[in-house]
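A quick write-up on the structure given underneath.
Quick note on labels: first sequence line is chain A, next is B, and so on, each numbered from 1. From a predicted model like this one, the values you see are computed outputs, not experimental measurements.
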Amino acid sequence: MEKVLLKNLGKPNSHKIDTYIQGGGYRAIQEALRHTPDTIIQMVKDSGLRGRGGAGFSTGLKWSFIPKDPTVPKFLCCNADEGEPGTFKDRGIIDNDPHLLLEGMMIASYAIGANTAYIYIRGEFAFGARRLEEAIKEAYERGYLGRNIFGSDFSLDIHVHRGWGAYICGEETALLESIEGYRGQPRIKPPFPAISGLYGKPTVINNVETLSCLPAIVLKGPKWFASIGPEKSPGPKIYCVSGHVKRPGLYELPMGTSARELIYEHCGGIRDDRRLKAVIPGGVSAPMLSADEVDTPLDFDSLAAKKSMLGSGAVIVMDETTCMVKVAYIILRFFSHESCGKCTPCREGTIWLTKILKRIEYGEGRTGDVELLESLCSNIFGRTFCPLGDGAVMALRGVLKHFRDEFVYHVENKRCMV
Amino acid sequence: MLPERLREEIRAVEKRYSTKRSAVMEALRIVQREKGYIEKEDMEEIACMLGMRPVSVNEVTAFYTMYNIQPVGRYHIQVCRNISCSLLGAEHLISYMERLLNIKVGETTQDGKFTLSTVECLGSCGTAPMMQINDTYYENLTEERIEEILKGLE
């Protein structure tokens, strides 16, 4: 497959505007401006593009919820708060090809009628934030941003907003709270951001990778995009592979590539040629697959059918030496650290789960602890404001589903069976 | 009182948003960039500039983990302890650094040079294990490489 999202990686000065233009950049926005916003929305609907941040919602449909009233200001927010453990694709785009993202944002802003857009980037990405600021400056200097871009009557300003160390701000309503200068705690939905988002105005929040697909969709057409990968979740996808593989990294492949192909063909197999034990297919919130599910295509629907999810496309590979109690402990410790504190089941529940997992891991587990974990999971799942609590439970349930015996062994024998 | 150039920088940030309050995170970052950490007086001054109550600024400072409300060493070492780094030996490297610097996680060396912290995923999982020192990422870490990196810092 011809690369779309990572095509400029490795080019010298790939982040500079001249390099981007020489590679055909900023033609798509000029093409888009020749069409009506509604035509662009229809094009994106027809392409079948689904959000790459984790939820997999149809991008074109999301845009179509934005009210058409031209007197109401609208906003686009690019979600670059990449924090799902195992995920590093958006950073790849931002550090190496920031203009691809900017052009995608221009197309999206034009389609929804937004004249102001923000890039919410996590604070740790200091390098990426500087790259974006430099790229935005370059774009203003050429007249690609600001008033009447490319001679049209469309105007757009893009600003960088740095997060400052809160995973929860990747949740779209927490992200909006954060831009407004509050603690990043999720809002109750509805109202959805398309109706009442940033400053109470209609707002679209799209992930970096989603927005970066747009220039190619405009130039090559929705049919081309829809022809890549599975019919219901088409397009190119960046898989972020980490853990026990020989060649970890970013791989842009057709959506629906199997975990087996990804691990054994593209990543060279498991380190030291050990046996595969489990794969987390979409960041730690996604329930893990066991080694015998490794032929599962990595796309939204195939993974949902396996009771897991594509999430952010972060594929974390674990070999036979991995202790699953420790994995569960590290994941739940993360969620308890990142719970925003707004609702009780998540705030207290993730702490309790972590405490119990810690004592099991350190050989101090008590009889009944595994059942206690399961009971706590039932009391958190579906009872929280936002998906963070659910994500923590799905992750733990995923480990228990395949490796419950390891937990029982830890409790009974005060040590690991691996 | 913050120097006038910082106040000017904060006023420029306000212009990006529909409300002044939206500038609070960036204002706090600017103060931390200059002083290394944020004091009560800084929060009060930012509150005054942005038309906020001081407690609302304090809420923001307390919520976001990257704001330092206490001085940190000249080099703030933040080692990732999340899953991908852990699978490739992050715990060993954290203990190694504790021994090397003769401090525990959360502490600062007596000369004020290094503070050692652990953090959750920094989005560098393909090059795990990794750490961040001030603004810079250091990846594919080994004991030897860590020793070399720390020696190289003035």
Side-chain angles (χ1 to χ4, degrees), chain A residues 73 75 82-92 116 118 122-127 130 157 159-167 169 178-185 198-199 201 240-244 248-250 280 284 314 316-319 322 326-327 330-331 333-334 337-338 340-341, chain B residues 13-30 32-33 46 50-52 56-68 78 80-88 90-91 117-130 132 134-137 139-140:
Chain A
F75 294 100
E82 182 164 67
E84 182 69 23
T87 316
F88 48 102
K89 65 189 176 65
D90 298 341
R91 179 174 162 237
T116 307
Y118 297 97
R122 61 180 299 185
E124 294 90 337
F125 289 173
F127 180 82
R130 282 196 297 271
D157 289 308
H159 305 287
V160 172
H161 184 103
R162 287 171 173 81
W164 214 240
Y167 166 75
C169 291
S178 185
I179 296 182
E180 290 186 18
Y182 294 86
R183 288 180 289 184
Q185 294 186 316
L198 190 62
Y199 308 117
K201 301 287 187 277
C240 322
V241 190
S242 66
H244 296 154
L250 296 176
I280 297 177
V284 296
I316 305 165
V317 180
M318 290 165 279
D319 73 15
T322 312
K326 188 176 169 191
V327 168
I330 289 169
I331 293 175
R333 180 179 66 186
F334 162 74
H337 184 265
E338 298 299 338
C340 79
Chain B
V13 171
E14 287 172 29
K15 296 197 182 80
R16 300 177 198 160
Y17 303 101
S18 303
T19 65
K20 282 165 96 172
R21 184 182 177 127
S22 283
V24 65
M25 289 184 71
E26 192 67 0
L28 289 165
R29 186 184 75 88
I30 289 168
Q32 181 165 310
R33 186 193 67 206
I46 289 170
L50 303 179
M52 294 168 71
S56 307
V57 178
N58 189 46
E59 256 178 34
V60 171
T61 317
F63 183 84
Y64 297 93
T65 55
M66 285 171 64
Y67 292 119
N68 301 328
Q78 306 189 74
C80 175
R81 63 173 190 178
N82 211 296
I83 186 74
S84 303
C85 285
S86 171
L87 287 171
L88 296 173
E91 284 88 353
S117 306
T118 54
V119 289
E120 299 299 346
C121 186
L122 293 178
S124 189
C125 323
T127 43
M130 66 80 64
Q132 181 175 19
N134 298 345
D135 272 358
T136 310
Y137 277 24
E139 301 166 311
N140 296 310

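- With a threshold of 4.5 angstrom between heavy atoms, I179(A) approaches chain B through its backbone and through its side chain.
- For E59(B), the parts lying near chain A are the backbone and the side chain together; criterion is any non-hydrogen pair under 4.5 Å.
- Interface summary for chain A: among T19(B), V60(B), V13(B), the most heavy-atom pairs under 4.5 angstrom belong to T19(B).
- At least one donor-acceptor pair under 3.5 Å links the side chain of Q32(B) to the backbone N or O of M66(B).
- Interface remark: V327(A) contributes backbone and side-chain atoms alike to the contact with chain B (heavy atom separation under 4.5 Å).
- Under the 6.0 Å cut-off for aromatic ring centres, Y17(B) and Y118(A) qualify, their centroids lying closer than that.
- Using a 4.5 Å cut-off between heavy atoms, Y182(A) contacts chain B through both its backbone and its side chain.
- Geometrically, R91(A) does not engage F88(A) in a cation-pi contact, judged by NZ or CZ lying under 6.0 Å from the ring centre and within 45° of the ring axis.
- Heavy-atom distances place no part of K201(A) under 4.5 Å from chain B, backbone and side chain included.
- For the set C80(B), C125(B), C121(B), S86(B), the entry with the most heavy-atom pairs within less than 4.5 Å of chain A is C125(B).
- In this structure, E180(A) contributes its side chain and L198(A) its backbone to no donor-acceptor pair below 3.5 Å.
- In terms of non-hydrogen atom pairs under 4.5 Å with chain A, the most contact-rich of R29(B), M52(B), Q78(B), K20(B) is R29(B).
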- Item | Worked verdict on T127(B) versus Y137(B) for side-chain hydrogen bond (donor to acceptor under 3.5 Å, both in side chains) | CA-CA 10 Å; T127(B) 43; Y137(B) 277 24; over 6 Å; no

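- In this structure, the portions of F334(A) lying under 4.5 Å from any heavy atom of chain B include both its backbone and its side chain.
- For C340(A), the parts lying under 4.5 angstrom from a heavy atom of chain B are both the backbone and the side chain.
- In this structure, T65(B) contributes its side chain and G165(A) its backbone to a donor-acceptor pair below 3.5 Å.
- Interface remark: of the candidates R81(B), E26(B), M25(B), R81(B) forms the most heavy-atom pairs closer than 4.5 Å to chain A.
- In terms of heavy-atom pairs under 4.5 Å with chain A, the best-connected choice from L28(B), L88(B), V119(B), L122(B) is L122(B).
- A distance of 6.5 Å separates CG in L87(B) from CE in M318(A), rounded to the nearest 0.5 Å.
- A salt bridge is defined here as a Lys NZ or Arg NE, NH1 or NH2 lying under 4.0 Å from an Asp or Glu carboxylate O, and E82(A) with R122(A) fails to meet this definition.
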